[in-house]
Amino acid sequence: MLPIAAPVVRGALGRVLVVDDDEQMRKVCARVLTHEGWEVFQASHGTAAIAAVHEAVEPFDCVVTDVHMPEIDGFQLIAAVRRHDDDLPVLLMTGDPSLDGAVKAIDNGAVSYLSKPFEPEMLLSSVARAARRHGVARMRRRADSYATRLIAERSELEHRFDRALAGVWMAFQPIVDVSTKQVYAYEALLRTDEESLRRPDLLIAAAERLDRIQELGRTVRAAVARAAADAPRDALLFVNVHGLELTDDQMFQSTGPFAELAHRVVLEITERISLDPVAGPDQISALRKIGYRIAIDDLGAGYSALGALATIEPEVVKLDMSLIRDLDHHATKRRVVGAISTLCKELGSRVVAEGVETAGELEAVIAAGVDLIQGYVFARPGRGFPIPTW
Ligand code: C2E
Ligand code: MG
Ligand code: MG
């Protein structure tokens, strides 16, 4: 058990360790500091003080110590504190001041030197000054190490992202027209060989963080253009577009390998884009002029929902799989899907149900009036152009 008294009152200003073998002096200092608002700990000798500094869960802001103490004196205590904490301030007190002593104290790393007897204000102002300087130094160190960590993390992410871009390929998943039993289209889905960014949401989040969405979009469009040569001639190609890609001039070029496919490409955007001033209706009509068709992806997953139908007038609407899941066991969802499907048809859009997994969901979705189906029930996304299983 350490011979340290419990703090008198929990102080708001910070934590001070008072070390003196003279109990009277120690208590006076503690009382003055506590009254001011410091949380004060006391040690009656150097060994206890060193243990307190080492074991403190929350570091001290300042140590105030007598110079002359048996066994370990104030100078030795400073040396021991320095080995543990480079800049925890130590104030020395002595009843035997001398210029030599002051010089020695500073040489040893004390921040100040108080000659006994001293006025309470002298103690308070010295402790406050020392603790403030220490606090600033500690904050600076923390900020420095935080910045260093951020820079290191960013550069590591850049490297992984570079590898991911180099390893991009597109998986394709059929969208099936159940009324004709034909593949209506394939959705291109982003994949990479870089292990740590295999999930498209992680890869996209990395691109957002690194401000490299446009680069990712260009890579995707190039990969789709390369793969398109092997796509069945009569199938459309659905390609996901991130909102920030609509700030890339290359997206609006009417020449190039991707633009040449425009007449068979449906660009999937999320309803959020329709509300975005930098990627709004003007961009959408520019894309249409090149020949692209527009689909609203994930309808029902967001908040703006039906507003996008009016502002974008999409050729295709894709219902989010959260609406489709367990549709066969959910009468209300069936009514919602039925109503949206009727509305979309009236507005001239085709409707795709996404994420249809089971025969039950398939039956329910068809009964609700949706005839374009994408989901594991027919095929998972894969290399090449997977053939649906009926
Ligand atoms: P999304 O565009 O809504 O794509 C549909 C997601 O549902 C795909 O996930 C697909 O693999 C998955 N899926 C298809 N059928 C089923 C099913 O029956 N059950 C279940 N549980 N899931 C099914 P994926 O490939 O992980 O893509 C996730 C999201 O990442 C996409 O959602 C899209 O928002 C984004 N994304 C994917 N590729 C690209 C891309 O090339 N560019 C951009 N900007 N975003 C992309
Ligand atoms: Mg999509
Ligand atoms: Mg979707």
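Both counts, for ligands and for their atoms, begin at 1 and track the order of listing. Just so you know, these numbers come straight off a predicted model, no measurement behind them.
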Please give the atom name: the N, O or S atom of [X] nearest to the Mg ion (ligand 2).
X      : result
Asp297 : OD2
Glu268 : OE1
Glu187 : OE2

Check whether any protein heavy atom sits under 4.0 Å from [atom].
atom                    : result
atom 39 (C) of ligand 1 : yes
atom 22 (N) of ligand 1 : yes
atom 32 (O) of ligand 1 : no

Open item on the list: Between Glu354 and the Mg ion (ligand 2), is there a contact where an N/O/S atom of the residue lies under 2.8 Å from the metal?
Closed with: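 No.
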Open item on the list: Please determine whether Asp298 has a backbone or side-chain N, O or S atom lying under 2.8 Å from the Mg ion (ligand 2).
Closed with: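 So Asp298 does not bind the Mg ion (ligand 2) by this criterion.
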Student check: side-chain heavy atoms of [X] and [Y] closer than 4.5 Å:
X      : Y      : result
Leu309 : Leu343 : yes
Arg191 : Arg383 : no
Phe238 : Gln374 : no
Ile204 : Ile213 : yes

Under a heavy-atom criterion of less than 4.0 Å, does [X] contact ligand 1?
X      : value
Glu187 : yes
Gln374 : no
Arg191 : yes
Val356 : yes

Could you tell me whether a side-chain N or O of [X] sits under 3.5 Å from a main-chain N or O of [Y], the two making a donor and an acceptor?
X      : Y      : answer
Asp66  : Met69  : no
Arg83  : Ile78  : no
Asp298 : Ala301 : no
Arg26  : Asp20  : yes
Arg293 : Arg264 : no
Lys345 : Val351 : no
Lys289 : Ser254 : no

Identity and separation of the nearest protein heavy atom to [atom]:
atom                    : value
atom 3 (O) of ligand 1  : Asp298 OD1, 3.0 Å
atom 15 (N) of ligand 1 : Gln173 NE2, 3.0 Å
atom 18 (O) of ligand 1 : Tyr376 N, 2.8 Å
atom 9 (O) of ligand 1  : Leu189 CD2, 4.6 Å

Open item on the list: Please state which option from Glu354, Arg221, Met321, Arg380 has its nearest heavy atom closest to atom 12 (C) of ligand 1.
Closed with: Met321
- [ ] Report the member of Ile204, Leu190, Leu203 with the shortest heavy-atom distance to atom 45 (N) of ligand 1.
- [x] Ile204
Open item on the list: Taking backbone and side chain together, does Asp320 place any N/O/S atom at a distance below 2.8 Å from the Mg ion (ligand 3)?
Closed with: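 So Asp320 does not count as coordinating the Mg ion (ligand 3).
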